[in-house]
Every structure is written in structure tokens, then in C-alpha cells.
Amino acid sequence: MSAWVSVLDAAPATQTPAPDTDKLQQLKAQTQIDKWNASVWRAYVDESMKRADDSGDCNDARQAIEEFVSVFPSVTRIWVEFIAFETRMRAYDKLEALFTRCLRAVVAVPVWEKYLDYIKSVHSNAPIDRKEEARKTILKAFELVLSNVGLDRESGHIWLDYLKYVKNLDGLNSFELQQMMDLQRKVFHKALSIPLTNIEAIWKEYDAFENSLNKLTAKKLLSERSALYMTARTAYREMKIITAVIDAASKTWMPTPTTWSEADQEVLRAWKKYISWEKTNPLRLEDPSIVSARVMYAYKSALLMMRFFPELWYDAARYLIELGKLDEAAALLQQAVEALPRSLLLSFALAELEESRKREFSEISKVFDNLLTNLESSVVEVNQKYDTERDTLMALLRGGNDAAATSAVATGNSAEWDGERREEEREKEKERNQEIETKVEVARKRKIGKVKQAWSLVWVVYMRVARRSENVKAARNLFKQAKKSELCTYHVYVASALMEYYSSKDVGIACRIFEAGMKVFAEDNASPEFVLEYLSFLIQMNDENNARALFERALTVLQPEQARDIWSKFLSNEVNHGELANVLKLESRMKEAFSKDIDTPIAVRSMANRWAFLDIDFIGQEELGLSGNSAVVRTSKMGGATAARSGNIDFSSFSRPTNLDPVHSENIVTPELNKWTAYKPEAPEKLTPEKILPFIPPNEVHKELQQMKQKQPITQSQPQISQQQQQQQQQQQEKESEPPSSAPTTMIVAECIAQLLDRLPPASSYNGPILPLSEILDGLWRLPLPTPVGQSRLVPISLQDSQQHLNSGHSSANVFIQERGSHYTDDKSGSFRGRGRGRGRFGIAPASKRKGGYGSDEDQRFRKR
């Protein structure tokens, strides 16, 4: 492939705006080129607002923000900036219109807080004669704001502001004062049942409030609300853990069409986990309406970030349908279709909901018509995109050739470009142009193929709904409309034919539709999928003659590789329902057609399929060693996707089983337990540190290691070796036992590992059977271990000390013991002893001798660290 073609693979070509002296116009041009580039939009809006602040002309800034909002309508930050801009410009008429647009669409605390600030600023300085009215307006504003975003955990400061405003009201009579007291208590009770970020501060305010009124009744009222407060506080801590991923991503998140990256999927999983948590009613609320309100608020909050994820829209609508709120579900789906006009899932869900509500078919048709129009417009966009990429690559290619020619003239080598050299360059340019054209057309065809499939699926579902809502005649009229389009695929013909048969049981009408499809998808475009569906229908109808005729006709218009699934389907039918002579004859013809498959995994697979039935593939699994692969081939045999023909099957997977098969417990070597020495514990009062883990002198350990290494018995008395030779051997052994200077002297391990090393006895004290270490490690490696919740504290241990303590019978974790503080001190005997405790190895008492087993106070202090 040419280097010019690789440019298309690396990134889609984009137009570069022409140089312009106006920076604002350049940024605007860039936003039109790359619609979802948030950084460019941010720079465009900032520049326009800066100019508006300097000049006072707000038209360009308003236009820039409106364009930004039209692309990112669910971004809270831009709405807040828009409100702040209009407030600075004192455009109160536009500000109120802006609140009307954004409050219901963006259910977020910052936006509603701006609305509350605006209401308070307008009505706080009202004259005396209108002070009562202004106070009621502000109270209503507080109630409106809290009814919409009061369930948000970040709304705690609004609850406190509400309480502070009610508390500081003046000019009240005794009756109104009592009403405000009751209102404060009511607000406290609501706030304390919500997991807010500042719920502890609200509880303190409530405690002071009740004690200021009556200390006798305060204790009773506080005890009644303490359970709800504790539940809400615990729920907030759980929520904070669950939403950690969401909180981290929300700081820089911009809702753009998903690419299904790992980051997108991680945030989606986090939102679904949080919503599922809300559905479990962690606050233990008795009112189902409050639980459903919290769940729906979680869905709305998720959709602000995950606007382009149809799954969340659909789940929210299904939740409302389960609650019986069909009108709200229909409104939500309508909003979802407006946000994602090309989403098949959301449009189908809306049409199905309207159908279940017994709406007129004309209203349901609008949903499908709008979806089809949007899909057809996407074809135009795809063509424009790839035309632009092709022209850009061609321009780059021509520019490179022109630069080379210009360079040749400048250096005086223009004579080299005469004659054959120029002709060679023209041929190379033609080849590059052809490569670019081919690459662009392949990408265009693949993208338009996806649009065609979506478009055809819409018509298939459209016909189903028409048949259910109206009759078969209405669905037939839709089929007549669909088949006229160039976007129509064979799926529409198959769906219409099967619908006609199952509705009227008329095989003739279905066959006429299939024959009409043969003229379009078999003879002209050579679509083996359609032929396979037609053949399956004839076999199901037991029309043997027409099935055989269709089989022979398909072999004349299709290449052998294209007709592989058709061969398999017809052979399967002959094996199950035909005569043996026909089966043998068909197998012989198939071997001739696919002579290259002899002695290949495909031939082995065909041999197994010859005697397979439904999910019984005994020969393939047990006698031919094709276990685990029958499901893949069964799909093709049952008339599914032609994976073998398209090259999607990895034929190496049809080989015999390898050593990567799952581990079976019966194959794992287990220790012979009859060789283990039975353990007979002594009485606790007779146990001493020396009996628990007897001290082994270092020279004895060293001798034992030398015996294992040299396989020679070493005794304490060897008269033939002189004392000088013994000293030389001892010095040599000490040098071998020392680690190399380049080796690390310390190692960082987890605290729990260091504790385990501290309690382990020396290796020389083990007298059991020798275990297959490699197989044990292999088995441990295959175990599905859970992911740790937190990270353990790491501590250093000395590798040099570990070797010395190994030889002296001590564990290598003495550094860890020393780090635990003054609870353990060194003993003259070489071990450690604890304060006021029975001691075991290194001064650590065994669990049987501690008070409370492993729950003693020393263990608790250790775990707290």
C-alpha cells in the first residue's frame, strides 16, 4: 500500500479553514469542521464573551453560546455561564426566557441555584407594602428548587440557606412565628432523610434548634430522628464510594457520541451500578413514591452526562412503565428521540409504547417516518465525508508531485523529468490515485452498508406494527414503498414473504415475493444470504422439487465459496430426509466443488456434521477431537451467518484440543495424606518457646544444606581433613552464602505478607512429603481470585537479614517485628519476647494462648495501623 493510503487509515481527513485575520471567525470555522471538538467550542465561546465584555456588543457572544448549547444542550457549565453572562449584561428579559428553557431540561443544582439567586435578588429589596408578597415568592422559589434538585447530595447548602432564611424572617406575629417554627422543623426532617454532603452540619443545626425551643421535648424528638439521620449518613458514605468514578470523570466530561472506549464503558457501568443501588432503597424509605423519585433523579443526572447512550434512556422509560406512569414514559422517550434522532432502539420503544396505549396508526407512523428520514440524510453525510477525504488525499498527492517537479527545476535537473521519467511519474500517480479511490470506496461501502441494514430493519419493524395495528394490507403497502429505494436489502423481502405466509397461509404469495427478490439479490447482486433464506423456506414447506431447482439455479449464479452454506443446507436436508443415493451423489459433487478442502480442518468438520443432529455432536467431540467448536459450525449449518465464506472463522480453532483446556480437578496431583505425621498437641502448660519451634543452630542447617547439595554424608568428625582445610572450606561457604553486591538488599512487601513471614517456621523443620511445586503454582494461577478492595500498607524487609535469620532458624520478617514498635524486644536467646504475653516464635504468642484468640488487643492495635 502506498504511504498516501495510510493517511486515510490513520485519521479522517479534515478541511483546514483558510487564514483569516479575525480570530473569532477562524474558531467558528473550526467548530463547523469538527462539530464535537469541545476545546474548540470552549475557545470560541470564551473569545466571543471577552469581546462582549470589552465592547458591550452581546450579539456575537449570544450567537456563540447558542451554537454551543445546540450541540451540547446537557452541559451544566455552559448554561451557568450563559446565565451569568446575561446577568452581567443586565438583560433580565432574556434571563427569564433563559430560565424557562434550561430549568426543566437541565436538572442540576448549579442551574437551579442561579435561578434561586435571581429570585432573591429581585424580591429581597421589595417595598414595605409588597414585603409580604415578596416573602411568599421567595419561599415558593425555595420549595420549587428543592422539589426539583433537593434529592441531590450537593443540595445541602440550599437546605441550610432555606432554614437560615426562615429563621431570620422578621416582622412576624405570634401565629406566623409558630408557622415558621413548624416549617423549620418540617424542612429539617426532610433534609435529614437525604444523604447530603453536609448532613452532619444540618444535624447539629437541628439539635440546636430543638434545644432552643424546649429541652424537655428535644431529647424525644432528636431520638426519633436519629435513626433516619444515621441511615442517611451511612448511605452518603456508600454513595460516595459507588460514585467515585463518576465524580472523577464529571470534571472534564463532555457528552459526545460514544466511541465505546474503555473510559465510556467504565462511566456507564458506574452509573448503572449507582442506579441499581438507588433501586434497592438503601435509605429504607417507607414511601414508594420517594424511592421512585430518587431513582428517576438518578436517571436524569446520568442522562446529563450519558446523553448519547440509548441504553440509559431505554432503562429509564422501562422503569416508568413498570410504575404505571405511561404518560411520563412517553414524554421521556419523545425527549430521547429528539436527542438521538437516529437511534433505532428509542424510536422502536416509543412506537411500541404508543401502540400499547392504543394510539392511532397515523401517530405511530410519524415515529417511523422521522427515523427513516434521518437515516436517509445520514447517507448524504457519509457520501460528503468520503468525497472530502478523497479530494483532500488527492490534493496532498498532487501537491507532493508538484513540489518534486519544482525542486527539480530549481536544482537544474529538469532534463531528468523529460521522456521516460515523466511517464513513470504519471504511472505512479495513477496507481496512487487508484489506491486512494479503492480505499475510500471500500470505507464508504462499509459505512453505507450499515446504514442500509438499519434502514431495512426500520421497514421490517414498521411492517410488523402496521400488521398489528391495521391489517396485512397496510403492511403490504409499506413493502411496496420500501422496495423502491436503493437502500432496501434482502431482509425486507424475506420479512414480507414470511409475514404473508404466516398471516394468510398462502405459500404462493410468499414464493412470488421470494422470486421477485431473486431478480434483485441473486441474479444481479449475487446475494447468497437471500438464496439461503429462500431455500430454507422451501425446505420448511416440504417443496422438494422447487428446492432442488433453486439449489441448481443458485450454483449457476454464485461462486463456490459464496455457495458454501447453500451446499451445507441442502446436504443437511438430504441427509435428514432424502435417499442415500442422493446423499452420496451430492457429497461427490461437493468434493469436486471444494477440492481444496481435502485434508484440511474444514473437511474434518464436514465429516462430523455428516452424523450430527441438533446439539448432539458426539463424533466431532469424542472421536475427532473437535470439542468446543461445534457451536460455531452449527450456526452456519442452521442457516446463520456465512462466517466461513466471509473469512471470519479461524480454522486453526478446529484443531485438536491443546493444553489450554480448562483445568479439571481430577487431573491435579494431590498430596498423599497417609504419609503425613499426625499432630498430637501437648498440654498448653507444658508448651515452651523451644518446644513450639526449637532453635536449630546455624551450623546444623548449613550441614543439612550441604548434604542435599553434594549428596554426601557429612559427619562432625573427619580426621582426614585438616583444620586449615576446614577453615578454607568455611570461608568459601561464607562467601557463597553472601548475596552479590549488585543484588538488592531490601524488598518491599505487603504488611500482611510480612506478618505471615514472621509466623512461618524455618524450612528445615518441615518433615512432610515433597509436593509438586510447579503444579501447585499453576493451579493457584488459574484460581479466580477476587479484586482487593483497598491497598495494603507496604513495609520493607532486609534480604541480607533474611538469609542470616534463615540459617539461624528465624524468619526473615524481623524487620517487620522491629517496626511494630516497643511491643517486642530482643531476647538473649535470639528470639523476641512480648510484653506480658506468652511467647511463641519471635515472641509472638500462638492464637491458642492469646486472650480472645486472634481478636486480642495487640492484634487490634496492629490492624488499626
Side-chain angles (χ1 to χ4, degrees), residues 74 76 103-109 111-112 143-156 158-159 189-197 199 228-229 231-247 249-250 253 255 266-337 339-340 345-346 349-350 353 356:
S74 61
T76 305
L103 286 180
R104 299 297 181 183
V106 184
V107 185
V109 172
V111 176
W112 282 89
E143 290 291 340
L144 178 63
V145 171
L146 292 175
S147 64
N148 283 275
V149 296
L151 297 177
D152 198 300
R153 61 176 176 174
E154 301 296 336
S155 65
I158 300 180
W159 287 98
H189 290 176
K190 286 184 178 179
L192 291 173
S193 63
I194 302 171
L196 303 171
T197 55
I199 190 170
L228 290 175
Y229 157 67
T231 303
R233 189 177 68 171
T234 303
Y236 168 70
R237 293 175 180 175
E238 294 179 5
M239 183 193 302
K240 192 175 180 180
I241 297 174
I242 295 174
T243 59
V245 175
I246 301 171
D247 296 337
S250 61
W253 185 272
E266 184 180 11
V267 177
L268 177 62
R269 288 192 296 267
W271 274 114
K272 295 180 69 175
K273 182 179 180 181
Y274 168 58
I275 294 171
S276 300
W277 179 78
E278 287 286 1
K279 289 181 179 179
T280 60
N281 189 15
L283 297 175
R284 302 171 189 173
L285 300 172
E286 298 179 357
D287 190 352
S289 62
I290 302 179
V291 178
S292 61
R294 290 194 59 84
V295 174
M296 284 310 303
Y297 187 82
Y299 272 119
K300 291 178 182 179
S301 300
L303 291 173
L304 292 179
M305 285 184 63
M306 319 300 288
R307 177 180 175 84
F308 293 95
F309 288 79
E311 180 180 356
L312 289 177
W313 291 98
Y314 182 78
D315 289 345
R318 293 303 306 173
Y319 181 74
L320 289 173
I321 293 173
E322 292 174 0
L323 296 177
K325 301 179 180 180
L326 300 183
D327 294 337
E328 295 183 21
L332 181 65
L333 285 175
Q334 186 63 45
Q335 182 183 356
V337 169
L340 300 172
L345 173 63
L346 299 178
L350 178 59
L353 178 59
S356 65

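Side-chain atoms of Trp159 come within 3.5 Å of backbone N or O of Gly150 as a donor-acceptor pair.
Looking at heavy atoms from C-beta onward, Met296 lies out of side-chain contact with Glu328 at the 4.5 angstrom threshold. Counting heavy atoms from C-beta outward, Thr197 and Tyr236 have side chains that approach closer than 4.5 Å. Looking at heavy atoms from C-beta onward, Trp112 lies in side-chain contact with Leu144 at the 4.5 angstrom threshold. The shortest side-chain heavy-atom distance between Arg153 and Thr243 falls under the 4.5 Å cut-off. Within the 4.5 Å cutoff, no side-chain heavy atoms of Leu228 are placed close to those of Leu192. For the pair Tyr299 and Val295, the minimum side-chain heavy-atom distance is below 4.5 Å. Put simply, the side chain of Leu312 reaches to within 4.5 Å of the side chain of Lys272, judged on heavy atoms. Counting heavy atoms from C-beta outward, Leu283 and Ser193 have side chains that stay 4.5 Å or more apart.
Arg237 contributes atom CZ, which lies 10.0 Å from atom CD1 of Ile241 (distance to the nearest 0.5 angstrom). Phe309 CZ to Leu345 CG: the interatomic distance, rounded to the nearest 0.5 Å, is 13.5 Å. The OG1 atom of Thr280 lies 12.5 Å from the CD1 atom of Ile275; values are rounded to the nearest 0.5 Å. With rounding to the nearest 0.5 angstrom, the CH2 atom of Trp271 is 6.5 Å from the CE atom of Met305. To the nearest 0.5 Å, the span separating CD on Gln334 from CG on Leu346 amounts to 11.0 Å. To the nearest 0.5 Å, the span separating CG on Leu332 from NZ on Lys300 amounts to 8.5 Å.
Evaluation of the salt bridge (charged side-chain N to carboxylate O under 4.0 Å, His left out) test over residues 273-292, restricted to residues two or more places apart or in two chains, returns Glu278-Arg294.
Shortest non-hydrogen contact noted between Ile199 and Ile194 is CD1-O, 3.4 Å. Taking both residues in full, the closest heavy atoms of Pro282 and Thr231 are given as O-CG2, 3.8 Å, listed atom of the first, atom of the second, then distance. Taking each heavy atom of Leu323 and Ser292 in turn, the nearest pair found is CD1-CB, 3.6 Å. Contact between Asn148 and Tyr297 at its shortest, heavy atoms only, is O-CE1, 3.4 Å. The shortest non-hydrogen separation linking Ala235 to Trp277 is O-CH2, 3.5 Å. Between Ala336 and Trp313 the shortest heavy-atom distance is CB-CE3, 3.3 Å.
Looking at residues two or more places apart in sequence or on another chain, you find a side chain to side chain contact (heavy atoms under 4.5 Å, CB included) between Val106 and Thr76, Trp79, Ala108, Val111, Leu304.
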